[in-house]
Amino acid sequence: EVQLVESGGGLVQPGGSLRLSCAASGFIVSSKYMSWVRQAPPGKGLEWVSVIYSGGSTYYADSVKGRFTISRDNSKNTLYLQMNSLRLEDTAVYYCARDRSSYGAPGAFDIWGQGTMVTVSS
Amino acid sequence: QSALTQPASVSGSPGQSITISCTGTSSDVGYYNFVSWYQQHPGKAPKLVIYDVSNRPSGVSNRFSGSKSGNTASLTISGLQTEDEADYYCSSYTSSSTLVFGGGTKLTVL
């Protein structure tokens with residue numbers, strides 16, 4: 001079964017760091033474009049955060065550029081999001097998502113994880 | 001990276017058709033045919049219903065269709081069913097090699 005399972009969320013103080021993990025099964029993470037998408041509570045809209053291409057190139061939303069880093073461990077078939085200098089406005093449910101394509105442009109996310117909650121608060 | 005513009009809410013009766021618009025710019029929706037639509041029920045992860053403007057993933061009902069004209073993409077749901085009641089989001093690839101989502105539209109099936 002194709003599946004994504006996130007972990008690593010929690011409560012962190014402003015300025016702190018957190019690393020999210022997204023374990024994949026049923027497919028090879030490095031063969032697909034993989035993204036992180038977040039959704040602020042309660043019931044706010046979706047916000048794209050970052051993508052890593054199958055070739056390894058990475059891109060970020062302006063709101064997280066310079067603070068977040070997307071990466072993957074091919075041996076563990078796992079995607080990561082290292083989040084530093086966290087701000088109150090980073091509070092959200094973070095989803096990892098698989099792109100249905102591995103060529104062309106990203107953005108058609110056909111598999112999503114269940115999400116992991118990150119709360120930035122003092 | 002301004003969010004794409006969607007109506008906050010739309011409504012329709014069972015059996016009717018509704019259309020949700022998604023307006024961007026010549027740097028995203030208007031430039032690329034990489035527009036996707038997602039359905040999200042409360043407490044659930046989003047589900048892809050349309051990709052590349054008008055393509056349906058396997059398993060998605062043919063009641064869902066997508067189109068684009070200029071800087072505006074549209075999602076049409078025909079033969080509305082109660083289970084279609086959800087939030088809908090559009091997204092587009094941009095000329096900055098990033099992605100942008102719309103603000104979301106709440107669909108109410110009366």
Side-chain angles (χ1 to χ4, degrees), chain A residues 1-6 9 22 32-53 55-66 68 70 92-117, chain B residues 1-9 20 22 24 27-29 31-60 64 66 68 73 86-106:
Chain A
E1 180 189 7
V2 175
Q3 193 175 9
L4 295 169
V5 178
E6 300 101 334
C22 172
K32 295 286 191 179
Y33 300 164
M34 297 292 297
S35 281
W36 287 95
V37 176
R38 67 185 181 183
Q39 186 169 32
K44 297 295 185 183
L46 301 173
E47 180 186 13
W48 174 80
V49 173
S50 180
V51 63
I52 183 167
Y53 282 49
S57 298
T58 59
Y59 295 90
Y60 300 90
D62 287 346
S63 57
V64 307
K65 196 177 299 182
F68 290 12
I70 190 172
V93 173
Y94 284 73
Y95 295 100
C96 63
R98 185 190 83 166
D99 217 284
R100 67 177 305 280
S101 177
S102 54
Y103 56 89
F109 306 127
D110 63 346
I111 302 295
W112 294 69
Q114 83 287 356
T116 186
M117 183 70 205
Chain B
Q1 290 178 335
S2 299
L4 306 176
T5 301
Q6 298 180 232
S9 64
I20 300 171
C22 169
S27 297
D28 40 61
V29 174
Y31 194 83
Y32 300 99
N33 287 325
F34 297 124
V35 176
S36 296
W37 289 90
Y38 300 87
Q39 174 192 66
Q40 187 180 34
H41 288 108
K44 301 292 187 181
K47 173 188 175 183
L48 180 68
V49 294
I50 293 288
Y51 67 94
D52 293 352
V53 175
S54 60
N55 293 308
R56 265 190 322 274
S58 174
V60 172
F64 291 83
K68 190 186 86 167
D87 293 326
Y88 290 85
Y89 295 90
C90 62
S91 73
S92 175
Y93 184 68
T94 81
S95 60
S96 301
S97 301
T98 60
L99 292 163
V100 61
F101 279 96
T105 298
K106 181 177 180 59

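Heavy-atom basis, side chains included; hydrogens, waters and symmetry copies ignored. Each chain gets a letter, A, B and so on, in the order its sequence line appears, and its residues count up from 1.
Taking the six-membered ring where the residue is Trp, the centroids of A:Trp112 and B:Tyr38 are separated by under 6.0 Å.
By the 30° and 60° cut-offs, the orientation of the rings of B:Tyr93 relative to B:Tyr32 is perpendicular.
Between chain B and the options A:Gly113, A:Ala97, A:Ala61, heavy-atom pairs under 4.5 Å are most frequent for A:Ala61. The candidate from A:Phe109, A:Tyr60, A:Tyr95, A:Tyr59 with the greatest count of non-hydrogen atom pairs under 4.5 Å with chain B is A:Phe109. Options B:Ile50, B:Val100, B:Thr98 differ in how many heavy-atom pairs under 4.5 Å they form with chain A, and the most are formed by B:Thr98.
Between A:Lys32 and A:Ser102, the shortest heavy-atom contact is CA-CB, 4.2 Å. Between A:Tyr33 and A:Ala105, the shortest heavy-atom distance links the atoms CE1-C, 3.9 Å.
With a 4.5 Å cut-off on non-hydrogen atoms, A:Gln114 does not touch chain B at all. With a 4.5 Å cut-off on non-hydrogen atoms, B:Ser97 touches chain A through its backbone and its side chain both. For A:Val37, the part lying under 4.5 angstrom from a heavy atom of chain B is the side chain only. For B:Pro46, the parts lying near chain A are the backbone and the side chain together; criterion is any non-hydrogen pair under 4.5 Å.
For B:Tyr31, the OH atom sits in a loose shell: 12 or fewer heavy atoms of surrounding residues, nucleotides or ligands are nearer than 6.0 Å.
No option in A:Arg98, A:Met34, A:Gln3 other than A:Arg98 meets the side-chain contact (heavy atoms from CB on, under 4.5 Å) test with A:Ile111.
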